Amino acid sequence: MVRLLKRILGLPQEEKITFDCYGEDSSGVSHAIVQEIMEWISLSLYHCGYRGNAQVIWYNEDVSNDWVQEALQEGIRKDEPVLLYRTGMTTSSAPTGYYWRMVPEHPSTRIYQLERHM
């Protein structure tokens, strides 16, 4: 799906946005919704001038999420945007010194971006 979006946009390689996605299979979110959200995230990052890799976490509080903190640390270590789509009522805990900022531009109010406390 991301490759399709890149092909549609016809962007040179260095102008593309790529993703590392975590938890998509256990999120319970339909493929159609995943595609819609990923397209929205892609276009939002592109519109903001970001090019490169981003981390996307599909968070389902009802399943084991032992991998979440590792995924968060990976994004922090690489200094990449980390976004979370919550499927339930809560988000995962943010690492010390960080917080989840809801992305109000998306109507679902389920997308969050990891931000550093200042």
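Remember, predicted model here, so these are calculated numbers, not experimental data.
Within the 4.5 Å cutoff, no side-chain heavy atoms of D62 are placed close to those of T87. The shortest distance between side-chain heavy atoms of Y99 and R116 does not fall below 4.5 Å. Looking only at side-chain heavy atoms (C-beta outward), S92 and L72 come within less than 4.5 Å of each other. Looking only at side-chain heavy atoms (C-beta outward), E74 and R77 come within less than 4.5 Å of each other.
Listed here is the closest heavy atom pair of Q55 and A71: OE1-O, 4.4 Å. Between M102 and T109 the shortest heavy-atom distance is SD-CB, 3.6 Å. Residue C21 comes nearest to M38 through the heavy atom pair SG-CE, 3.8 Å, listed as atom of the first residue, atom of the second, then distance. Scanning both residues, I76 and V82, for their nearest heavy atoms gives N-CG2, 4.4 Å. Closest approach of I17 to S42, counting heavy atoms only: CD1-O, 3.4 Å.
Partners of S64 under the side-chain hydrogen bond (donor to acceptor under 3.5 Å, both in side chains) rule, at least two apart in sequence or in another chain, are D66.
Sorted by first and then second residue, the ring pair (Phe, Tyr, Trp, His ring centres under 6.0 Å) pairs involving residues 60-98 (not counting sequence neighbours) are W58-Y85. Applying the salt bridge (charged side-chain N to carboxylate O under 4.0 Å, His left out) test to every pair with at least one member in residues 23-34, sequence neighbours left out, gives no pairs at all. Every pair passing salt bridge (charged side-chain N to carboxylate O under 4.0 Å, His left out) that includes a residue from residues 88-113 is listed here, sequence neighbours excluded: R101-E115. Residue pairs meeting the salt bridge (charged side-chain N to carboxylate O under 4.0 Å, His left out) criterion with at least one member in residues 80-94, sequence neighbours excluded, do not occur.
Linking ILVMFWY residues whenever their side-chain heavy atoms come closer than 4.5 Å, directly or via other members, leaves L83 and L114 in distinct clusters. Y59 and Y22 fall within a single hydrophobic cluster, where Ile, Leu, Val, Met, Phe, Trp and Tyr are joined by side-chain heavy atoms under 4.5 Å apart, directly or via other members. Residue L45 is grouped with residue V34 when hydrophobic side chains (ILVMFWY) are merged at heavy-atom distances under 4.5 angstrom, including chains of intermediate members. Y46 and V56 fall within the same hydrophobic cluster, defined by Ile, Leu, Val, Met, Phe, Trp and Tyr side-chain heavy atoms under 4.5 Å apart, directly or through other members.
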field: Worked verdict on E39 versus Q35 for side-chain hydrogen bond (donor to acceptor under 3.5 Å, both in side chains)
entry: CA-CA 6 Å; E39 288 173 0; Q35 183 171 351; 3.1 Å; yes
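Taking a 4.5 Å side-chain heavy-atom cut-off between Ile, Leu, Val, Met, Phe, Trp and Tyr, the cluster of V63 contains only that residue.
Taken from CD1 in I41 to CD in E36, the straight-line distance is 10.5 Å, to the nearest 0.5 Å. The distance from the OG atom of S27 to the CG atom of N65 is 10.5 Å, given to the nearest 0.5 Å.
In terms of modelled atom types and a separation under 3.5 Å, the side chain of E61 and the main chain of T90 share a donor-acceptor contact.
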